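All figures in this text were calculated on a predicted structure; none of them were measured in a lab. Because only heavy atoms are used, hydrogens play no part in the values below, and waters and symmetry mates are left out as well, while side chains stay in. In the text below, chain A, chain B and the rest are named by the order of the sequence lines, each starting its count at 1.
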Amino acid sequence: MERVLKTKIKEAVRILYDSDASDDLIQIQETRKDFVGDFTLVVFPLLRFSKNTPEKTGEMIGKHLIESFPAVSGYNVIKGFLNLEISDAWWISNFSKMLQEENLMAKCVVDQPETILVEYSSPNTNKPLHLGHIRNSLLGFSLYRILTVCGHKVIKTNIVNDRGIHICKSMLAWQKFGNGETPESSGIKGDHLVGKYYVLFEKQYREEAEDLIAGGMEPVEAKNNAPLLKEAREMLLKWEAGDPEIINLWNQMNSWVYSGFDETYKKLGVDFDKIYYESDTYKLGRDLVFKALKEGLLYKNGDSSIWIDLKTEGLDQKLLLRSDGTAVYMTQDLGTAVLRHEEFGFDRCIYVVGNEQNYHFQVLKAVLKKMDYSWSDGLFHFSYGMVELPEGKMKSREGVVVDADDLIAEMAETAKDVSLELGKLAEYRGDEKEEIFRKIGLGALKYFILKVDPKKNMTFNPSESIDFNGNTGPFIQYTYARIRSVFRKADEMNVIFNRNFIKTEKAGSKEIQLIRLLRRFTATVTEAAESYSPSLIANYCYELAKEYNQFYHDFTILGEKDPSVRDLRMAISELTARILGSGMFLLGIEMPERM
RNA sequence: GGCCCUAUAGUUCAAUGGAUAGAACGCGGGUUUCCUAAACCUGAAAUCCAGGUUCGAUUCCUGGUGGGGCUACCA
C-alpha cells in the first residue's frame, strides 16, 4: 500500500506541478494514533514543487488522490501533514488474505537466500554459564529463527574455549584440594563443581600473593610468583606437550562441564548444529600463521614471536603466536573461521559476541583479508551490550555473577508464587501446572532480555527486574492464553466462524485499528532480520497484545448477536493469537494454552 | 594518552530528520452479576550542557561533562 501510494503521489505531483519528485522526497508513514487517518504524507519536502503553503499543497494532493484512487476514502491536512484515510473495504480485503495465508511469514522470504553461520554462547570450560551467556545465547538463537523464516539456510554453532590457563587452574585446585570429588559423589552439577575449584584456586592464589606481599615483595612480582600460579603454568605446558595424566584429568573435568552445559542449554531451549572446540582449532590457526609467515605476510620478532602489521588498515600490530610457540585467542579464531568456511562455504558468518571485543573482530577480519580470503567480507560481528548488575559489571572471579541455572529455576519459582497468589490453575494436575510455570518464568526472562535493543548495555536487577505485569513476556502469553480460551469456549458452544466472507460494513474503528497492526507483522520481521534486532519483534508483540487487550475488554466476542460481527471478531482474535505465537516463537518463547 | 560505544520520567525500556517525545514498573484515583482483573481506564512525571546544519533535531555534525569498553605474549 505504501508503495502504491508513493506512485500515486508522484503522479499527483507530476500532474499538479509538472515536476518529478524523487522517491526520498515522498515520505509516507503510518498516521499517529491521535490523528484521523491511516497513512500520512509529510508535505514539507514537496513545497519546492508546489511553491505554496504546506496546507494548500496538502489540500491539493489530497483532493487529487481522492478523485483518482478509490482506496483513499478521505483526507485531512494538519499543519504540514496530509493524513490519508484508507477505505475499510481495502483493509478488510487485505485482512481476509492474511486469514487465508497458511504461512504468515511467507512474505519475509528473501529473493536470494544465503547460507549463514551463526556463532553464539561461546563458553569457557572453567565455570558455569551466567547471565551474560544467557543474553548471548538468546540473541543468537533468535537470530537463527528470524533468518531462517526469511529463507536463509542457517547453521547454529558454538565455540568452546576448552584450553588455556583458566582450565588448568580448576584442574590444579581439584588435584590439590578435591579429594577425588565428582559430580556423582557430591551431587553437584558438573560445571558448577569445576567452577567451585576455579573459585577456590583464585582464593588460595590471592592468599599466597598477599603472604608474599606481607613478606616484603612488590605486588606485581608477588602476583607473578605465587607458587600456585607457577604450578598452573607448568600444567599448561604439560597439557600442550600431551602429558597423559594431565590430558586424562582434562578430559574428565571437561566431560563434567559439558554434561552441565547440555542441561543448561536444554532448559534454556537453545541448541547447536555443530560445536567447535578451541583445543582442535588452535592447531589449524597455528599452521595458517606459519604458512602466512612463509608467504611474507607476517614478521617474526627478535624473541621469535609472530606478528602482523595492520597499520595500513588503520589498526595496530597484532601478536598471532607467542614467543614460546603457543597460541593466543586470535590464533584459534583464524583457524576456526577457515575451518568453518571449508565445511559450510557460508555467505555470511555472524559472531554473536559482546561489544568489548569490537577491536578483536576488526583485527580478525583484517587478518583474514590480508591472508587473501575473499569470504572474509562475509564475517559480521554481532556486537551486543553488556548485562550489568545494579552494583556494576559482573565479575566471575569474585563470584559476583548471576548464575544461569539459579536464575532459570528462580523464574519458574516466582511464576509459581504469582500464579498461586492469583488463585490460577487450581483445577490442573501438578505436572501440568509445573510445565506452565516453566513456560511463564522462562518467557518472562527471555522477553526481558530480548526486548532491549541488542546494541545497548542493560541493567539487570535480580530482585526487581523480572515482572509479570505490563511490558513483559507473561503479558503477551496471557493475551494469547485468553484467546485460546475464547476458542475453547466457542467449541463448547458449537460456534464455528466463517473466515471466508468477512463483511466490510461490520468493521468498527477498533477492529480496523487491530487489522492495521496485524498487517505490520511481516514488515517487522523483515526489518528485524535486516537490522539484526529481535527487540523489534518483541516490542511489536507487546503493542499488538496491548491493543488486543483493550479490544477484548471493550467488546464481547462470543456474546455478539450479529453473526457476521462475531465472525469478524473471532477472525481478528484468531489471527492475533497466530501472530503473537509466531512472533514469540521467533524469540524462542513458548506460549501456554492457559495460565 | 589514543580509539570505540553510550546519555530520554524516580527506575527499566521505545521513538526511518517530522505533528502534542511513547510504554512499563513504582506513586495517586477508578473498573468484576459479562469470553481469564497476570487485564482495562485515569492523574502527576523526562530528551546531560553549549553551539551548528535544517522549513523542522531525542535523532545528524562540533565541543564539553558523566558512564562503559578496548588499547595484553588474557579470553
For [N] versus [M], give the span between their [atom1] atoms, rounded off to a whole number of Å.
N	M	atom1	result
G66(B)	G26(B)	P	35 Å
G56(B)	U20(B)	C1'	15 Å
U62(B)	C5(B)	P	11 Å
C27(B)	G10(B)	C1'	10 Å
U65(B)	A50(B)	P	15 Å
A14(B)	A9(B)	P	13 Å
C4(B)	C41(B)	C1'	46 Å
A46(B)	U11(B)	C1'	12 Å

With both distances kept under 3.5 Å, what pairs with [N], Watson-Crick or G-U wobble?
N	value
G22(B)	C13(B)
C70(B)	G2(B)
G43(B)	C27(B)

Rounded interatomic separation in angstrom, taking [atom1] from [X] and [atom2] from [N]:
X	N	atom1	atom2	answer
L310(A)	U71(B)	CG	P	15 Å
I476(A)	A38(B)	CD1	C1'	12 Å
F551(A)	A39(B)	CZ	P	19 Å
E55(A)	A19(B)	CD	P	16 Å
F448(A)	U12(B)	CZ	P	10 Å
N549(A)	U36(B)	CG	P	13 Å
Y428(A)	U36(B)	OH	C1'	10 Å
F35(A)	A19(B)	CZ	C1'	5 Å

- Query: Does a side-chain N-to-carboxylate-O contact under 4.0 Å join E527(A) and R520(A)?
  - Reply: no
- Message: Checking side chain to side chain contact (heavy atoms under 4.5 Å, CB included) between I61(A) and each of L84(A), V77(A), L46(A), which is the one that passes?
- Response: L46(A)
[X] has a side chain; which of [options] sits nearest to it?
X	options	answer
Y359(A)	C70(B), A38(B), C25(B)	C70(B)
R32(A)	A19(B), A24(B), C40(B)	A19(B)
V452(A)	U16(B), C35(B), C13(B)	C13(B)
Q357(A)	C40(B), A14(B), A75(B)	A75(B)
M458(A)	C35(B), C13(B), A19(B)	C13(B)
E356(A)	C35(B), G22(B), G69(B)	G69(B)
L422(A)	A38(B), A24(B), G68(B)	A38(B)
K546(A)	U36(B), A75(B), C40(B)	C40(B)
R482(A)	A39(B), C35(B), A75(B)	A39(B)

Side-chain donor-acceptor pair present, [X], [Y], cut-off under 3.5 Å:
X	Y	answer
T526(A)	E530(A)	no
N126(A)	S170(A)	no
Y548(A)	R482(A)	no

May I ask you to verify if any side-chain N or O of [X] is less than 4.0 angstrom from the OP1 or OP2 atom of [N]?
X	N	value
K79(A)	U20(B)	yes
Y478(A)	A38(B)	yes
Q550(A)	C41(B)	yes
S485(A)	U36(B)	yes
N469(A)	A39(B)	yes
R322(A)	A72(B)	no
K456(A)	A14(B)	yes

Which part of the nucleic acid, if any, lies within reach of [X] when heavy atoms closer than 4.0 Å are counted: base, sugar-phosphate only, or nothing?
X	result
D324(A)	nothing
Q29(A)	base
I483(A)	nothing
P45(A)	base
S535(A)	nothing
D162(A)	nothing
A490(A)	nothing

- Task: Check whether the aromatic ring of F44(A) stacks on the base of G18(B), taking stacking as ring centres less than 5.5 Å apart and planes within 30° of each other.
- Result: yes
- Is the ring of F81(A) stacked on the base of A19(B), with centres less than 5.5 Å apart and planes under 30° off? yes
- Query: Distance under 6.0 Å and angle within 45° of the ring axis: does R163(A) meet both against Y282(A)?
  - Reply: yes
- Task: Please confirm whether any donor atom in the side chain of T40(A) sits under 3.5 Å from an acceptor in the base of A19(B), or the reverse.
- Result: yes
- Message: Tell me if the side-chain of K424(A) makes a donor-acceptor pair with the base of U36(B), cut-off 3.5 Å, by modelled atom types.
- Response: yes
- Can you find a pair of side-chain heavy atoms, one from T472(A) and one from F448(A), that are under 4.5 Å apart? no
- Indicate yes or no: at least one non-hydrogen side-chain atom of S419(A) is less than 4.5 angstrom from one of F437(A). yes
- salt bridge (Lys or Arg N to Asp or Glu O under 4.0 Å) partner of R438(A), the single match among E590(A), E413(A), E432(A): E590(A)
- Task: Return the 5'-most residue of the pair E527(A), T556(A) with respect to RNA chain B, ranking by each residue's nearest nucleotide.
- Result: E527(A)
- If each of V42(A) and L558(A) is mapped to the nucleotide of RNA chain B with the nearest heavy atom, which maps nearer the 5' terminus, i.e. the 5' end? V42(A)
- Task: Considering non-hydrogen atoms only, spot the tightest contact between M570(A) and I557(A) and give its length.
- Result: CG-CG2, 3.7 Å
